[in-house]
Amino acid sequence: MNKNQRFGAHMGTSGGLHNALTAGRDVGCDVVQIFTKSPQQWKAKEITEDQISAFLRAQEETGVPCVASHDSYLINPAAADPELLQKSRNALVDELVRSSRLRIPYVVMHQGACGDASEEESLGRLAETVRYVLDRAPEDGSVLLLETTAGQGTCLGDHLEHLAYVFNEVDAGDRLAVCLDTCHMFAAGYDLRDAESYAATMEQVERLIGFHRIKLIHANDSVKGLGSHVDRHAHIGQGELGLEAFRLLLTDPRLAEVPVVLETPKKDEMDPVNLAALRAAAGVA
């Protein structure tokens with residue numbers, strides 16, 4: 001990844017998956033992230049060879065690669081209910097198969113919620129799900145990324161120790177890695193706003209999961225404050241995180257080649273504004 005050409009956004013696929021690439025190009029993306037199917041549905045029609053060809057051709061024509069897809073919001077890989085758990089596992093396998101057929105490098109997954117179950121039990125089910133899914137997905141296909149979360153409600157993933165537990169329990173090698181979300185980490189209590197706080201947070205990242213495992217960054221400012229555990233994204237520099245946090249992150253040489261994807265609100269066509277803010281923070285504007 002060229003450190004000067006790694007900024008993009010999550011783009012819609014209305015009218016066809018390939019349209020995400022042209023839409024991304026039009027707003028100034030270097031890369032894009034997509035859903036390969038509706039995030040509010042369990043199933044979707046199988047991807048056709050024509051759709052795959054159109055998607056790959058659009059990447060060549062636009063020069064905008066798709067670096068990641070995101071899993072369905074319905075999936076709970078830590079569910080205590082056996083039926084929901086199996087349904088979630090099957091759906092996550094399908095997400096990896098779909099993305100692998102489209103040659104998308106990464107699939108971002110949320111880590112699920114405990115509900116009324118204990119954190120220990122839920123983490124165990126999460127690790128079992130990751131193992132189950134990788135055993136049934138293409139070995140040379142998309143890499144599964146555990147996304148850091150805000151910990152809203154009973155959601156797992158707001159502690160770096162949760163991710164570390166999964167890595168320790170699942171011997172997945174290079175097939176399992178991390179997506180770091182700035183809003184989620186901040187809302188979970190990890191401060192990034194000044195040099196001292198940033199260094200302390202990143203010391204924990206290195207110690208618990210390792211920079212080598214960070215394959216994608218979701219760049220989002222936060223509507224709510226540090227440790228709020230509320231997952232609400234704001235435009236870059238217009239939330240509680242502020243621009244300095246993004247400058248520190250995007251000039252960190254340990255992350256210089258990691259693709260950076262916006263998931264900021266789409267209202268008022270703000271993608272070009274947010275992309276410009278990221279590039280300015282990185283010193284590549």
Side-chain angles (χ1 to χ4, degrees), residues 1-39 41-73 75 77 89-110 130 132-147 170 172-181 212-219 255 257-263:
M1 179 66 62
N2 184 327
K3 68 179 182 179
N4 296 332
Q5 293 182 313
R6 61 184 180 126
F7 300 100
H10 186 105
M11 301 303 298
T13 57
S14 179
L17 296 172
H18 60 284
N19 287 336
L21 287 311
T22 53
R25 177 199 59 196
D26 292 346
V27 298
C29 290
D30 302 319
V31 298
V32 299
Q33 175 183 280
I34 66 169
F35 292 117
T36 67
K37 64 181 184 62
S38 169
Q41 294 181 359
W42 284 105
K43 293 184 177 181
K45 292 181 179 179
E46 186 174 346
I47 296 173
T48 67
E49 290 300 322
D50 285 346
Q51 288 175 312
I52 294 170
S53 296
F55 185 72
L56 297 177
R57 186 167 59 251
Q59 291 183 76
E60 291 184 6
E61 292 174 351
T62 62
V64 178
C66 179
V67 295
S69 67
H70 200 297
D71 73 341
S72 165
Y73 295 144
I75 293 171
R89 288 174 173 174
N90 293 342
L92 193 51
V93 170
D94 184 56
E95 296 275 10
L96 277 166
V97 170
R98 292 172 69 86
S99 290
S100 296
R101 291 191 66 201
L102 291 162
R103 303 181 199 172
I104 298 173
Y106 305 119
V107 174
V108 180
M109 67 169 286
H110 289 165
V130 171
Y132 177 97
V133 167
L134 291 177
D135 282 347
R136 289 159 178 79
E139 287 191 22
D140 59 350
S142 305
V143 174
L144 191 60
L145 303 187
L146 303 176
E147 181 177 4
V170 183
D174 294 338
R175 299 181 65 203
L176 183 66
V178 172
C179 171
L180 187 157
D181 187 298
H212 65 287
R213 287 196 172 108
I214 301 174
K215 301 300 183 182
L216 182 68
I217 293 170
H218 283 169
L255 300 170
E257 296 184 0
V258 178
V260 181
V261 173
L262 294 164
E263 292 181 325

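Cys179 contributes atom SG, which lies 8.0 Å from atom NE2 of His110 (distance to the nearest 0.5 angstrom). In this structure, OG in Ser53 is found 10.5 Å from CG in Leu102, a value given to the nearest 0.5 Å. Within the model, atoms CD of Gln51 and CG of Leu56 stand 11.5 Å from one another, a figure rounded to the nearest 0.5 Å. For the atom pair CE of Met11 and CG of Asp26, the computed distance is 8.0 Å after rounding to the nearest 0.5 Å. Note that CG of Leu145 is 8.0 Å distant from CG of Leu176, once rounded to the nearest 0.5 Å. Atom SG of Cys66 sits about 12.0 Å away from atom OH of Tyr106, to the nearest 0.5 Å.
The two residues Ser14 and Asn19 make their nearest non-hydrogen contact at O-ND2, 2.9 Å. In this structure, Val107 and Ser142 approach most closely via the heavy-atom pair CG2-CB, 3.8 Å. In terms of heavy-atom proximity, Leu255 sits nearest to Arg6 at O-NH1, 2.9 Å.
Side-chain atoms of Ser100 never come within 3.5 Å of backbone atoms of Gly141 as a donor-acceptor pair (strictly under, hydrogens ignored). With hydrogens and angles ignored, the 3.5 Å screen pairs no side-chain donor or acceptor of Arg213 with any backbone N or O of Ala177.
Counted by atom type alone, Thr36 and Arg98 present one or more donor-acceptor pairs between their side chains at under 3.5 Å. Counting only N and O atoms by type, the side chains of Glu263 and His218 include a donor and acceptor under 3.5 Å apart. There is no side-chain donor-acceptor pair under 3.5 Å between His70 and Gln33.
Residues Leu21 and Val32 have side chains in contact (heavy-atom distance under 4.5 Å, counting atoms from C-beta outward). Looking at heavy atoms from C-beta onward, Lys215 lies out of side-chain contact with Val178 at the 4.5 angstrom threshold. A heavy-atom distance below 4.5 Å is found between the side chains of Trp42 and Ile75. Counting heavy atoms from C-beta on, the side chains of Thr22 and Glu61 never come closer than 4.5 Å. Between Phe35 and Leu17 the shortest side-chain heavy-atom distance does not fall below 4.5 Å. Taking 4.5 Å as the limit, every side-chain heavy atom of Asp174 sits out of range of all side-chain heavy atoms of Val143. Contact of the Asp30 side chain with the Val64 side chain is not registered, since no non-hydrogen atoms from C-beta on lie closer than 4.5 Å. A heavy-atom distance below 4.5 Å is found between the side chains of Ile104 and Phe55.
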query = For Arg101 and Glu49, what are the C-alpha separation, side-chain angles and deciding distance, and is it a salt bridge (charged side-chain N to carboxylate O under 4.0 Å, His left out)?
reply = CA-CA 9 Å; Arg101 291 191 66 201; Glu49 290 300 322; 2.8 Å; yes
message = Evaluate Thr48 against Ile52 for side-chain contact (heavy atoms from CB on, under 4.5 Å), listing each step before the verdict.
response = CA-CA 6 Å; Thr48 67; Ile52 294 170; over 6 Å; no
task = Before giving the answer on side-chain contact (heavy atoms from CB on, under 4.5 Å), spell out for Leu92 and Asp71 the whole-Å C-alpha distance, their side-chain angles and the decisive distance to 0.1 Å.
result = CA-CA 7 Å; Leu92 193 51; Asp71 73 341; 4.0 Å; yes
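Only one option out of Val31, Val260, Val67, Leu180 pairs with Leu216 in a side-chain contact (heavy atoms from CB on, under 4.5 Å); it is Val67.
With Tyr132 as the aromatic partner, Arg136 meets the cation-pi criteria of under 6.0 angstrom to the ring centre and within 45 degrees of the ring axis.
Taking 4.0 Å as the cut-off between side-chain N and carboxylate O, Lys37 and Glu95 count as a salt-bridged pair.
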